[in-house]
Amino acid sequence: MPALPIYLDNHATTRVDPRVLEAMLPYFTEVYGNAASRGHSFGYQAKNAVEAARAQVAGLLGCSAKEIVWTSGATESNNLAIQGVARGHSDRGRHLITVATEHKAVLDTFASLAKEGFDVQILDVRRDGTLDLDALGAAIRSDTVLFSAMAANNEVGVLHDLQAIGAICRDRGVVFHTDAAQATTVNPLDVNATQIDLLSISAHKMYGPKGIGVLYVRRGRPRMKLAPILHGGGHERGLRSGTLDVPSIVGMGVAAELAAAGLSGVGDLRARRDRLYKGLNAGLSGVHLNGPALDDRAANNLNVSFEGVEAEALLMAIREIAVSTGSACTSATLEPSHVLRAMGVSDALAHTSIRFGLGRFNTDDEIDYVVDKIAVKVTELRALSPLYEDQPETATWP
Ligand SMILES: *Cc1c(COP(=O)(O)O)cnc(C)c1O
């Protein structure tokens, strides 16, 4: 019997690796100088730690340390990238393209630019969440300045073909931004191999602390003109003013190094995810996979709908298992996830969807416990449901 509760919500956030925490601690109480203070050793030491961490993150992304800008997380990185390019390149064009299944930090940034008068185009996806690259090619115009598409989807684990997208964008002179917050622990990313111009990541999605992130900004050709959002002391080459959070930066550096080393362990993560899916299917009928085939998605992601069982009700019944639903609970309504909706999943199935996000700390024992518990609870809830008949052929759902 595994220790409870069991954490399977690693798309939302991850536990801080003890090695990350340990590296951070001296920077609160011993090396507490301002990294911008040049006149004394407190400042120098802090600055040295920041630069070492910058090199560690650059190592994960295959870029130069000079191309790393510290931010407060992927939300800020996305805002800086998208608003920055839109405003910085507005003399060249005002057409911006993204995808319907992006994170809200991307979609809402595009929406706010649309309100300001930018010409925003949102591409649809196929049923499995993938992008039609011909549609991207057709959407790009002479006044298109930016395309943004995520590296790994946070709900269904879709992995867009970044290499092909990068080639299209480079060929057509469009800046390519990717939100890679979910990719760092499961998918090797090399910004040069993929011709990515801007990339957002977040420490707390890779076993680091919350509140710290990075925007990778390509230097050289094509020349990037990023308009900053925050103005002030001119930190980070003027792109992001504000005193650097040295302990968190140190933590993110170590997290990046561990992520690069840990990519070799992705096979174990995938095996455990597959064990979960097989187990659920062995114990239950009416389990629908949402999103791409397992082999084609991020190794840590599983998103399934349990026919006839409201996800919120299942969540209540399995309180010792931390997962999330495919619906965003607001005070008045249960809105189905915009990602499932964009993939054409019916509202009925979206309301029954559960997202499992596996992490490095999960064990086979935990997976087996989760499989058994969910099989029991789904069966119980279905027996209570007026909408669900036990025989699949006579099922009235959806
Ligand atoms: C978590 C996440 C974000 C937001 O990152 P924060 O660092 O929490 O601001 C953005 N995009 C994706 C894909 C994410 O998973």
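Each ligand, and each atom within it, is numbered from 1 in the order the structure gives.
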Engineer: For ligand 1, does Ala74 get within less than 4.0 Å through its side chain, its backbone, both, or neither, judged by non-hydrogen atoms?
Structural biologist: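 It is both parts that get close, each with some atom under 4.0 Å.
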Engineer: Mind checking whether Leu289 and Tyr277 have side chains closer than 4.5 Å, heavy atoms only?
Structural biologist: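 In contact.
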Engineer: With atoms numbered from 1 as shown, which atoms in ligand 1 lie under 4.0 angstrom from a non-hydrogen atom of Asp179?
Structural biologist: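 It comes down to these atoms of ligand 1: 10 (C), 11 (N), 12 (C), 13 (C).
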Engineer: Any Lys/Arg nitrogen of Asp119 or Arg94 sitting under 4.0 Å from an Asp/Glu carboxylate oxygen of the other?
Structural biologist: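 The answer is no: the pair does not qualify as a salt bridge.
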Engineer: What atoms of ligand 1 come closer than 4.0 angstrom to any heavy atom of Lys205?
Structural biologist: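 Counting atoms of ligand 1 from 1, those under 4.0 Å from Lys205 are 1 (C), 2 (C), 3 (C), 14 (C), 15 (O).
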Engineer: Could you see which bit of Glu76 sits under 4.0 Å from ligand 1, with heavy atoms only: side chain, backbone, both or neither?
Structural biologist: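 Within the 4.0 Å criterion, Glu76 makes no contact with ligand 1.
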Engineer: What atoms of ligand 1 come closer than 4.0 angstrom to any heavy atom of His204?
Structural biologist: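 In order of number, 6 (P), 7 (O), 8 (O).
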Engineer: Less than 3.5 Å between some nitrogen or oxygen of Ser72 and one of ligand 1, yes or no?
Structural biologist: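 By distance alone, the answer is no.
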Engineer: With heavy atoms under 4.0 Å as the rule, classify the contact between Lys210 and ligand 1 as side chain, backbone, both or neither.
Structural biologist: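 For Lys210, no heavy atom sits under 4.0 Å from ligand 1.
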Engineer: Do Tyr369 and Glu320 have a side chain donor and acceptor closer than 3.5 Å?
Structural biologist: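 On atom types as modelled, these side chains qualify, holding a pair under 3.5 Å.
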Engineer: Just jot down the ligand 1 atoms closer than 4.0 angstrom to any heavy atom of Gly73, in number order.
Structural biologist: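 The atoms of ligand 1 under 4.0 Å from a heavy atom of Gly73 are 7 (O).
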Engineer: If you draw a 6.0 Å radius around CD in Glu116, do more than 12 non-hydrogen atoms from other residues or ligands fall strictly inside?
Structural biologist: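 Count over threshold, so yes.
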Engineer: Quick one: are Phe356 and Leu280 in side-chain contact, heavy atoms under 4.5 Å?
Structural biologist: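 Yes, side chains in contact.
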Engineer: Counting only heavy atoms from other residues, nucleotides and ligands, does the tally under 6.0 Å from CZ of Phe361 exceed 12?
Structural biologist: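 Yes.
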Engineer: Which of the numbered atoms in ligand 1 are under 4.0 angstrom from any heavy atom belonging to Met150?
Structural biologist: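 Contacts of ligand 1 toward Met150, numbered from 1: 13 (C).
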Engineer: Would you call Glu51 and Arg54 a salt bridge, taking side-chain N to carboxylate O under 4.0 Å as the test?
Structural biologist: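 Yes, this pair counts.
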Engineer: If you measure only the distance, is there a donor-acceptor pair under 3.5 Å linking the side chains of Ser337 and Glu155?
Structural biologist: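 Yes - a donor-acceptor pair under 3.5 Å links their side chains.
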Engineer: What atoms in ligand 1 come closer than 4.0 Å to a heavy atom of Thr75?
Structural biologist: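 The atoms of ligand 1 under 4.0 Å from a heavy atom of Thr75 are 4 (C), 5 (O), 6 (P), 9 (O).
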Engineer: Have a look at Glu102, His103, His11 and point out the one with the heavy atom closest to atom 3 (C) of ligand 1.
Structural biologist: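 Heavy atom nearest to atom 3 (C) of ligand 1 belongs to His103.
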Engineer: Do ligand 1 and Ser202 have nitrogen or oxygen atoms that lie under 3.5 Å from each other?
Structural biologist: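 Yes; at least one N/O pair falls below 3.5 Å.
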